[in-house]
Amino acid sequence: MTTNAATPSPNFIRQIIAEDLKANKNNGRVVTRFPPEPNGYLHIGHAKSICLNFTLAAENQGVCHLRFDDTNPTKEEVEYVESIKEDVRWLGFDWGDKLFFASDYFEQLYQYAGHLIKDGKAYVCSLTPAEIRQYRGTLTEPGKDSPYRSRPVAENLDLFTRMRAGEFPDGAHVLRAKIDMASPNVNMRDPVLYRILKASHHRTGDQWCLYPMYDYAHPLSDAIEGITHSICTLEFEDHRPLYDWILDQLPVPGHPQQIEFARLNLSYTVMSKRKLLKLVNDSQVSGWDDPRMPTIAGMRRRGYPPAAIRHFCERIGVGRRENVVDLALLEYCVREDLNKHAPRVMAVLRPLKVTIINYPEDKVEELDAVNNPEDPAMGTRQVPFSRVLYIERDDFLEDPPKKFYRLAPGREVRLRYAYFIKCVEVVKDAATGEVVELKCTYDPETRGGYAPDGRQVKATLHWVSAAHTCPAEVRLYDRLLTKPDPEEDKDADFMAFVNPNSLEVLKSCRLEPGLAGAAPGSLYQFERQGYFCVDDKDSASGALVFNRTVTLKDPWAKIQKAGQK
Ligand code: ATP
Ligand code: MG
């Protein structure tokens, strides 16, 4: 495994496992699993679960299974299975030969159901779905027994066999566990175990028209695979009695322990796959891998390094209390990684032409530039300098306010790695009044960016030489949602919080010539602007497209400082 996350911090699940090992429970084995339903792409919340399950196994010389919980054929697709495998691998984890599908257990699960029926622990119920709901009662009122609850075993077996044979339409009957309609836990009020669904499954085709429910398939899949610690999110806490009940009734090879932890919630982010699918289907984003999506595929395309995501997951820890993690912390982890590894380059996103009037027409100098001041081993490169340059449009103001220290008429600034320049004339478009060019002079004595007479300037600008640039499109992203806690009100329509300005496309950017042919996925710091990644989808045609991975501003550092005061 390639994990290089921070030193493991103690958490309650690590403690449980350590104690189990000490007591030689499960003969000292640790087997965990990550059990996604292939009904969408994985998101950053899944990353927390993946890191947790794979890391716990690896720390204890155990194994972690990848198991697809594919029990709902109407929502599941092969595309999702493939994307999930790719995402887990990309995050740096390896399930070896432990790849499983709940659908591989359909026959075994069916046999177990027969066992329950024979023991009088399950019955075929012919109430309609609406009636079943009505009979279930509420949190404050007990449920009522179904009139089919006392069906004789032989009749249940016959009906169940015929359900499998396809004799009945969808919804005609279900198989229910016979537990307790008066239980204070509604999950124990004779939960449905099987439903008829005349739907093709992406793996079993039309072999089945009877599909197990998640709450039935999950504990049994865990037991069949010899899982020791079945780790899931807190909303399954109330399902644990059912998990245990099912395993207690059946001759299963083992009884895994279900342990719940608090799911990851991130500010400005929705995580339910249903909602993410809506964003895709409504064309609010370009797809599941749109760089604004909180999916692993989106984050990969945006340039988030897998190590940064793993580090983030380790940092947020594992607890039992629901909270909302600040998106700034994730961005901090990304920045921290890229600061060390991404080479710095100069890129002008909104070019403004600058002519150095006292620089010779045909001269080109190669100037030394540092690739990463954080890492001298990354060395230096040369960037060409000539008479006509581009600087960032935002770096000039004709009538600068007090705290604007960058270029202005009559003012001198430093060009990074180059010279001091001074603006001597502003050229405007006669019709629109827009500034189209600056005429400047340079001081040849300041080569490298320092004046021998010790005079100082207040700003250092990035630039590129006009005749030596590499053109590119750059996509700037802002938060996809405008509300800090979009899931606060569960009934609110989150689509109302979609940020209409989450994408800004800049088509005429000019980069250092060295970036021509940059490999898809490669990451750079554009000096003063942020970290950027070559888009691996849209750059293919030869034209470079960059995604802004993250800005340089670090709100997280500020938040932490404020917290220390
Ligand atoms: P969603 O509700 O986002 O659609 P899900 O829980 O239905 O997700 P599954 O495919 O069933 O998605 O999840 C696979 C595993 O990932 C489960 O063990 C689940 O508990 C875990 N998981 C899902 N969301 C989160 C989250 N936000 N934080 C931590 N773990 C999560
Ligand atoms: Mg689920």
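All figures in this text were calculated on a predicted structure; none of them were measured in a lab.
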Below 3.5 Å, can you tabulate the donor-acceptor pairs from side chains in residues 15-25 to any protein atom, sequence neighbours excluded?
| unit_1 | atom_1 | unit_2 | atom_2 | d |
| --- | --- | --- | --- | --- |
| Asp20 | OD2 | His229 | NE2 | 2.7 |
| Asn24 | OD1 | Gly28 | N | 3.2 |
| Lys25 | NZ | Gln257 | OE1 | 3.3 |

Result block: side-chain N/O donor-acceptor pairs under 3.5 angstrom for residues 79-86, not counting sequence neighbours:
| unit_1 | atom_1 | unit_2 | atom_2 | d |
| --- | --- | --- | --- | --- |
| Glu79 | OE2 | Tyr41 | OH | 2.7 |
| Ser83 | OG | Tyr80 | O | 3.0 |

Using atom types as modelled, flag every donor-acceptor pair under 3.5 Å from a side chain in residues 288-308 to any protein atom, sequence neighbours excluded.
| unit_1 | atom_1 | unit_2 | atom_2 | d |
| --- | --- | --- | --- | --- |
| Asp289 | OD1 | Arg301 | NH1 | 3.4 |
| Asp289 | OD1 | Lys537 | NZ | 3.3 |
| Asp289 | OD2 | Lys537 | NZ | 2.9 |
| Asp290 | OD1 | Arg292 | N | 2.8 |
| Asp290 | OD1 | Arg292 | NE | 3.0 |
| Asp290 | OD2 | Ser286 | N | 2.8 |
| Asp290 | OD2 | Ser286 | OG | 3.1 |
| Asp290 | OD2 | Arg292 | NH2 | 2.9 |
| Arg292 | NH1 | Ser502 | OG | 2.8 |
| Thr295 | OG1 | Trp288 | O | 2.6 |
| Thr295 | OG1 | Gly298 | N | 2.9 |
| Arg300 | NH1 | Asp87 | OD1 | 3.0 |
| Arg300 | NH2 | Asp87 | OD1 | 3.0 |
| Arg301 | NE | Asp535 | OD1 | 2.8 |
| Arg301 | NH2 | Asp535 | OD1 | 3.3 |
| Arg301 | NH2 | Asp535 | OD2 | 3.3 |
| Arg301 | NH2 | Asp538 | OD2 | 3.4 |
| Arg302 | NE | Arg548 | O | 3.3 |
| Arg302 | NE | Thr549 | O | 3.1 |
| Arg302 | NH1 | Pro291 | O | 3.3 |

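With 3.5 Å as the limit, one finds no donor-acceptor pair spanning the side chains of Tyr135 and Asp190. Side chains of His255 and Asp244: a donor-acceptor N/O pair is present below 3.5 angstrom, by distance only. Of the N and O atoms on the side chains of Thr482 and Asn499, not one donor lies less than 3.5 Å from an acceptor on the other residue. Judged by distance alone, the side chains of His311 and Asp337 never bring a donor and an acceptor atom under 3.5 Å apart. In this structure, a donor-acceptor pair under 3.5 Å is present between the side chains of Arg33 and His218. At a cut-off of 3.5 Å, with distance as the only test, a side-chain donor of Tyr105 or Glu225 sits close to an acceptor on the other residue. Side-chain contact of Thr74 with Asn72: a donor-acceptor pair under 3.5 Å is present, judged by distance alone.
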Test ring-ring contact (aromatic ring centres under 6.0 Å, His included) applied to Phe100 and Phe68, step by step:
CA-CA 6 Å; Phe100 301 103; Phe68 288 95; over 10 Å; no

Please report the C-alpha distance between Arg321 and Glu260 in whole Å, then the side-chain angles of each, then the deciding distance to 0.1 Å, and finally whether the salt bridge (charged side-chain N to carboxylate O under 4.0 Å, His left out) criterion is met.
CA-CA 10 Å; Arg321 198 176 317 146; Glu260 309 87 17; over 6 Å; no

Trace of the salt bridge (charged side-chain N to carboxylate O under 4.0 Å, His left out) decision for Glu37 with Lys273:
CA-CA 10 Å; Glu37 182 182 354; Lys273 282 180 276 189; 5.3 Å; no

Applying side chain to side chain contact (heavy atoms under 4.5 Å, CB included), run through Arg151 and Ser126 and close with a yes or a no.
CA-CA 11 Å; Arg151 245 178 189 150; Ser126 311; 2.9 Å; yes

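Distance check, rounded to the nearest 0.5 Å: CD1 of Ile246 to CG of Leu109 gives 10.0 Å. Taken from CD1 in Ile259 to OG in Ser230, the straight-line distance is 8.5 Å, to the nearest 0.5 Å. For the atom pair SG (Cys313) and CG (Leu52), the distance works out to 9.0 Å, reported to the nearest 0.5 Å. Remark: Asp222 CG to Leu247 CG distance equals 8.0 Å, nearest 0.5 Å. Atom CG of Leu234 is separated from atom CZ of Phe261 by 8.5 Å, given to the nearest 0.5 angstrom. The distance from the CD atom of Gln111 to the CG atom of Leu116 is 12.0 Å, given to the nearest 0.5 Å.
Gln284 places no side-chain N or O within donor-acceptor distance of the main-chain N or O of Val280, the cut-off being under 3.5 Å. Remark: side-chain polar atoms of Asn187 are paired, donor with acceptor, to backbone N or O of Asp238 under 3.5 angstrom. In terms of modelled atom types and a separation under 3.5 Å, the side chain of Asp69 and the main chain of Pro36 share no donor-acceptor contact. No side-chain donor-acceptor contact under 3.5 Å links Asp158 to the backbone of Ala154. Listed for the Asn27 side chain is no donor-acceptor partner under 3.5 Å among the backbone atoms of Arg29. Formation of a donor-acceptor pair under 3.5 Å by the Thr233 side chain with backbone atoms of Glu235 is not found in this model. The main-chain N or O of Ser267 is found under 3.5 Å from a side-chain atom of Thr269 such that the two form a donor-acceptor pair.
Among residues two or more places apart in sequence or in another chain, the side-chain contact (heavy atoms from CB on, under 4.5 Å) test is passed with Asp119 by His115, Lys121. Take Tyr268 and apply the ring-ring contact (aromatic ring centres under 6.0 Å, His included) test, not counting sequence neighbours, and it matches no residue. Scored by the ring-ring contact (aromatic ring centres under 6.0 Å, His included) test, Tyr211 finds Phe106 as partners (sequence neighbours excluded). Judged as a salt bridge (charged side-chain N to carboxylate O under 4.0 Å, His left out), and not counting sequence neighbours, the contacts of Lys483 are Glu488. Applying the salt bridge (charged side-chain N to carboxylate O under 4.0 Å, His left out) test to Asp145 and every residue at least two apart in sequence or in another chain returns Arg149. His173 meets the ring-ring contact (aromatic ring centres under 6.0 Å, His included) test with Phe168; sequence neighbours excluded. Here Tyr531 pairs with nothing under the ring-ring contact (aromatic ring centres under 6.0 Å, His included) rule; sequence neighbours left out. A search for salt bridge (charged side-chain N to carboxylate O under 4.0 Å, His left out) contacts involving Asp206 returns nothing, not counting sequence neighbours.
Legend: salt bridge (Lys or Arg N to Asp or Glu O under 4.0 Å) pairs involving residues 169-184, not counting sequence neighbours: none detected.
In this structure the side chain of Glu322 reaches within 4.5 angstrom of the side chain of Arg263, judged on heavy atoms. Residues Ile179 and Arg189 have side chains not in contact (no heavy-atom distance under 4.5 Å, counting atoms from C-beta outward). Side-chain contact check for Arg320 versus Glu237: some heavy-atom pair is nearer than 4.5 Å. Side-chain atoms of Ile227 and His65, non-hydrogen and from C-beta on, do get closer than 4.5 Å to each other.
Counting non-hydrogen atoms of other residues, nucleotides and ligands closer than 6.0 Å to NZ of Lys118 gives a total of 12 or fewer.
Between His239 and Phe236, the ring planes lie perpendicular to each other; the angle is over 60°, past the 30° to 60° tilted range. Using a 30° and 60° split on the angle between ring planes, Phe160 and Tyr110 fall in the parallel class, below 30°.
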